Amino acid sequence: MRARWAGAAAVAVIASCLALVFPLVLKWIVDGPVTDQDPGGVWLGAGVLLALGVAEALLFGLRRWLVARPLAGVEAAMRADLYGQLQRMPVAFHDKWASGQLLSRATTDLMVVRMFLAFPLTFLIVNSVTIVAGLAVLVVQDWGLGLVLLAPAVPLMAVCYRFEHGYAEASRRAQDQVGDLTTVVEESVLGIRIIKGFGRHRSQARAFRELSRTVRGTELTKARLLAGILGVITLLPELALGTALVLGTVEVADGDLSAGTLVAFLSTALALRWPIESIGFLLAMSQEAATATRRYFEVMDEAQEDPRVRPTAGEHGGSGLRFEGVVFRYPDAAPDSVPTLSRIDLHIRSGETMALVGATGCGKTTLTALVPRLYDVTAGRITLDGRDITAMPREELRTLVSMAFEEPTLFSASVAENVRMGAPEAGDDAVQRALGVAQADFVERLPDGADTEVGEQGLSLSGGQRQRLALARTVVGEPRFLVLDDPLSALDVHTEAAVEAALRRVLADSTALVVAHRPSTVLLADRVALLSEGRITAVGTHQELLRTSAEYRYLMSGDDEAAEAEEAAHA
Ligand SMILES: Nc1ncnc2c1ncn2[C@@H]1O[C@H](COP(=O)(O)OP(=O)(O)OP(=O)(O)O)[C@@H](O)[C@H]1O
Ligand SMILES: [Mg+2]
């Protein structure tokens with residue numbers, strides 16, 4: 001790729017410098033055949049000019065051919081790297097970054113980079129070489145007039161320098177704003193039901209209009225900056241050229257300069273017009289590409305999930321799933337804030353099903369997310385059959401542990417493919433079994449059965465249907481450890497009972513942690529752990545906890561008296 005690009009740049013430089021040969025041929029024609037009135041010489045000169053023109057065109061074609069394909073390759077490779085990075089980033093990264101910012105980086109910014117590699121990068125070099133060579137030719141032909149043309153160089157450079165700074169700042173702002181705009185579009189598409197349901201489309205549209213007006217304002221600032229520099233870049237050389245033309249004509253009239261030299265001089269100067277005028281655009285595009293590259297690497301340079309496996313100080317005996325002195329604080333929380341989970345000690349015995357109960361927002365989802373290492377514990381450790389989870393390769397951990405999330409997200413794929421995400425090598429009968437456990441018999445009535453496309457680009461399913469498919473995905477691999485975050489919340493009592501009966505068979509072989517809100521789900525479990533204000537405050541069977549814990553009684557029954565009694569006892 002580099003060799004090809006260097007070849008392309010060299011070809012472009014040669015083509016561009018060919019343009020500087022034209023004036024020399026002109027000079028020869030004017031001072032030679034034209035002055036001597038020799039038509040044959042004029043024809044010869046014209047033929048040479050034609051040949052030069054054809055050569056220049058061919059060389060430019062060659063340049064395009066050299067770079068077009070490899071550049072598309074570069075863009076595709078950068079995009080693939082970015083996508084890979086987004087997949088490998090820890091969940092905490094995605095908590096922090098707005099999706100629109102990531103989307104715009106993967107699309108617009110990479111396109112800007114590719115355009116820069118294709119066009120401005122080559123031409124900044126080509127035009128600089130051409131300008132220097134051209135000015136040299138001018139000074140050699142007539143150093144007095146040459147210096148007149150050189151005079152604007154210093155002010156031009158100063159203007160370009162100032163422009164670069166202003167434009168860099170504006171283009172960063174513009175690209176960030178496009179990212180924000182993308183986020184708004186994405187959220188309003190995903191939240192279209194809420195927007196319509198609450199009649200918010202007008203205010204949403206207004207918010208969108210305001211943002212796009214901001215983007216427009218920034219783009220106008222950029223355009224103003226660009227117009228300013230283009231004006232200066234066109235005006236100053238043009239003035240210098242006019243001055244040179246007047247001085248040159250006077251010199252020719254005085255006989256100090258040959259007419260051919262003046263023609264050559266002026267046509268060389270004219271040949272430099274495009275290289276000089278294009279500098280403004282090229283600088284602008286380079287700035288945008290620099291910003292785009294910076295935005296790209298802001299994402300690429302974020303630390304990935306640490307793939308290293310931490311050696312442990314000897315394997316402990318013990319089996320099941322064990323939390324030992326686990327403390328957890330979200331990565332974006334202040335370091336001195338109260339941790340979401342403080343000192344969790346919990347042992348779920350091998351083959352046991354433990355229900356996790358607690359008031360809403362007490363940290364149940366957070367606790368479950370620690371097991372497959374979606375977040376890493378702040379202190380303490382979690383072991384599976386005595387092995388520290390940080391000492392296991394992530395693939396192994398995530399094959400051992402299977403999760404059902406609160407939000408049953410489906411992908412745009414068939415039912416079977418969605419289920420198979422839980423275990424890619426699962427056969428058809430395993431998928432059917434998993435669908436059976438989840439009581440997803442509705443799948444048979446879908447147009448194409450398990451091959452029906454669901455998800456965003458497919459058939460819409462009801463909340464309970466989605467939840468059952470997500471549950472099937474969790475159990476399909478028959479994992480050793482199951483972590484279920486409120487997996488039955490959207491089901492009616494009868495379906496829930498049927499799923500529970502089937503789950504009981506699955507759970508008999510697995511060690512499971514099940515977040516539960518309803519007594520019916522809790523009854524699935526052998527024991528119950530009560531999570532309260534970031535601590536496990538009680539562990540026991542459902543009956544035991546009903547007897548001993550007022551908070552548990554309250555959570556299970558909605559019994560206010562129990563809670564009041566509890567408060568009274570504390571007071
Ligand atoms: N990604 C996050 N970053 C920072 N704080 C978070 C994040 N997710 C949750 N929290 C906070 O952690 C606390 C516990 O949240 P969590 O989702 O674990 O509660 P929960 O017990 O699952 O509640 P529910 O029963 O409503 O599902 C909440 O106060 C919440 O604001
Ligand atoms: Mg939760």
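In this text the structure is predicted, and so the values were computed from the model without any measurement. One-based numbering, in listed order, for ligands and for the atoms of each. In this chain, numbering begins with 1 at the start of the sequence shown.
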Give me the nearest non-hydrogen protein atom to atom 21 (O) of ligand 1 as residue plus atom name, then the distance to 0.1 Å. K364 N, 2.7 Å
among protein heavy atoms, the one nearest atom 9 (C) of ligand 1 is Y330 OH, 3.4 Å
Gap separating the OG1 atom of T365 from the CG atom of D485, nearest 0.5 angstrom: 3.5 Å
Taking S402 for the side chain and T474 for the main chain, is one N or O donor matched with an acceptor at less than 3.5 Å? yes
Examine the proximity of ligand 1 to T340 and report which part, side chain or backbone, both or neither, has a heavy atom under 4.0 Å away. side chain
Closer than 4.0 Å and a protein heavy atom, does any atom meet both conditions relative to atom 1 (N) of ligand 1? yes
Could you tell me, atom by atom, which parts of ligand 1 come under 4.0 Å of a heavy atom of Y375? 1 (N)
Measure D332 to ligand 1 on non-hydrogen atoms and call it side chain, backbone, both or neither using the 4.0 Å cut-off. side chain
What I want to check is whether the side chains of E551 and T537 have a donor and an acceptor closer together than 3.5 Å. no
With side chain to side chain contact (heavy atoms under 4.5 Å, CB included) as the criterion, how do L190 and E186 come out once you've worked through the C-alpha distance, each side chain's angles and the decisive distance to 0.1 Å? CA-CA 6 Å; L190 288 180; E186 204 221 354; 3.9 Å; yes
Give the atom numbers and elements of ligand 1 that come within less than 4.0 Å of a heavy atom of H517. 25 (O)
To the nearest 0.5 Å, what is the distance between CD on E352 and CG on L513? 10.0 Å
Tell me, which protein residue and heavy-atom name are nearest atom 15 (O) of ligand 1, and how many Å apart are they? T366 OG1, 3.7 Å
Any idea which part of D95 is under 4.0 Å from ligand 1, heavy-atom wise: side chain, backbone, both or neither? side chain
Return the CE to OG1 distance between M78 and T293, rounded to the nearest 0.5 Å. 6.0 Å
Counting non-hydrogen protein atoms only, what is the nearest one to atom 22 (O) of ligand 1? Give residue, atom name and distance. T365 OG1, 2.6 Å
Per atom 29 (O) of ligand 1, closest listed option by heavy atom (A516, G534, G361): G361
Do E417 and V431 touch side chain to side chain, with heavy atoms closer than 4.5 Å? no
Under 3.5 Å donor-acceptor, H94 side chain and L86 backbone: yes
Can E298 and R172 be said to form a salt bridge (charged side-chain N to carboxylate O under 4.0 Å, His left out), step by step? CA-CA 13 Å; E298 276 168 13; R172 172 79 218 199; 2.8 Å; yes
Contact atoms of ligand 1, heavy-atom distance to G363 under 4.0 Å: 14 (C), 16 (P), 18 (O), 19 (O), 20 (P), 21 (O)
Checking the side chain of R114 only, and the main-chain atoms of L110 only, is there a donor and an acceptor separated by less than 3.5 Å? no
The closest protein heavy-atom partner of atom 26 (O) of ligand 1 is T360 OG1, 2.6 Å
So what's near the Mg ion (ligand 2), protein N, O or S atoms under 2.8 Å? T365 OG1, E406 OE2
Quick one: are Y552 and V522 in side-chain contact, heavy atoms under 4.5 Å? yes
Using a 3.5 Å distance criterion without hydrogens, assess whether the side chain of R473 forms a donor-acceptor pair with backbone atoms of P408. no
Backbone, side chain, both or neither: what part of F328 comes under 4.0 angstrom of ligand 1, heavy atoms only? neither
Between the main-chain N or O of G436 and the side-chain N or O of Q439, is there a donor-acceptor pair closer than 3.5 Å? yes
Compare E406, H94, K96, R329 and give the one whose heavy atom is closest to atom 27 (O) of ligand 1. E406
Can you tell me if C362 has a non-hydrogen atom under 4.0 Å from ligand 1? yes
Within the distance-only criterion (no hydrogens, no angle test), does the side chain of S510 pair as donor or acceptor with the backbone N or O of P479 below 3.5 angstrom? yes
